[in-house]
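Heads up: the structure comes next, in structure tokens.
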Amino acid sequence: MTNNWMSDPAVATIDKAKLEFLQALVFESQSLSKEQMLPFLMSVAKKGADNHISFTDEEIDTIVKVIQSYSTPEELSKIDKLMKLRRK
């Protein structure tokens, strides 16, 4: 996936720093196994908190929908897994 999703009009109202944080998250997580994903997400959550980056549920839903529209089938599978972890 490229960073084209960051230019999508649907995410235009979301702070650019938040979008860049997510872009880094996406690229860093691409090579992780299922077992590595939860510790990675916990680390990312701490980094986000340390940098005062948080997302509303509406922002998360919007971002996920936009990212999905730019994703490959493999990436969609990973996104689905991440979203299931988020709901737990």
Side-chain angles (χ1 to χ4, degrees):
M1 174 178 29
T2 65
N3 63 354
N4 292 341
W5 70 271
M6 292 174 61
S7 300
D8 193 288
V11 296
T13 60
I14 300 173
D15 184 341
K16 195 74 163 174
K18 289 181 178 184
L19 298 179
E20 289 171 358
F21 177 80
L22 282 178
Q23 184 67 18
L25 165 69
V26 169
F27 281 113
E28 290 176 31
S29 67
Q30 286 181 339
S31 63
L32 298 179
S33 69
K34 182 179 176 182
E35 293 77 23
Q36 295 170 312
M37 192 60 70
L38 188 56
F40 172 74
L41 292 175
M42 293 174 72
S43 170
V44 166
K46 181 177 178 351
K47 184 192 286 186
D50 290 347
N51 291 310
H52 307 288
I53 295 175
S54 63
F55 298 88
T56 66
D57 287 339
E58 184 179 316
E59 287 174 326
I60 292 170
D61 291 341
T62 299
I63 290 166
V64 168
K65 286 177 187 173
V66 169
I67 290 174
Q68 286 173 325
S69 70
Y70 289 86
S71 298
T72 65
E74 181 181 308
E75 291 166 337
L76 287 171
S77 175
K78 288 181 180 183
I79 292 168
D80 288 342
K81 290 175 186 176
L82 285 171
M83 295 310 292
K84 286 177 185 174
L85 286 173
R86 179 179 175 264
R87 292 184 193 114
K88 287 186 180 185

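On a predicted model such as this, the values are computed, not experimentally measured, just so you know. Numbering of residues begins at 1 and proceeds along the displayed sequence.
The nearest pair of heavy atoms linking Val66 to Ala10 is CG2-CB, 3.5 Å. What you find for Met6 and Lys16 is that their closest heavy atoms are O-NZ, 4.2 Å.
Separating the CG atom in Leu19 from the CH2 atom in Trp5 is a distance of 4.5 Å, to the nearest 0.5 Å. Expressed to the nearest 0.5 Å, how far CD of Gln36 lies from OG of Ser31 amounts to 7.0 Å. The NZ atom of Lys47 sits 15.5 Å away from atom CE of Met42, with the distance rounded to the nearest 0.5 Å.
Under the salt bridge (Lys or Arg N to Asp or Glu O under 4.0 Å) criterion, the residue pairs touching residues 55-73 are Lys18-Glu59, Asp57-Arg86, with sequence neighbours excluded.
Contacts of Val44 classified as side chain to side chain contact (heavy atoms under 4.5 Å, CB included), with partners at least two apart in sequence or in another chain: Phe21, Leu25, Phe40. Partners of Lys46 by salt bridge (charged side-chain N to carboxylate O under 4.0 Å, His left out), not counting sequence neighbours, listed by chain and number: Asp50.
Hydrophobic cluster membership is shared by Leu32 and Leu22, with clusters built from Ile, Leu, Val, Met, Phe, Trp and Tyr side chains linked at under 4.5 angstrom. Each of Ile60 and Leu76 belongs to its own hydrophobic cluster when Ile, Leu, Val, Met, Phe, Trp and Tyr are linked at side-chain heavy-atom distances under 4.5 angstrom.
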Inset, instruction - Show your working on side-chain contact (heavy atoms from CB on, under 4.5 Å) between Lys81 and Met37 and close with a plain yes or no. - result: CA-CA 10 Å; Lys81 290 175 186 176; Met37 192 60 70; over 6 Å; no
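The closest side-chain heavy-atom distance from Gln68 to Asp80 is below 4.5 Å. Looking only at side-chain heavy atoms (C-beta outward), Ile67 and Asp8 stay at 4.5 Å or farther from each other.
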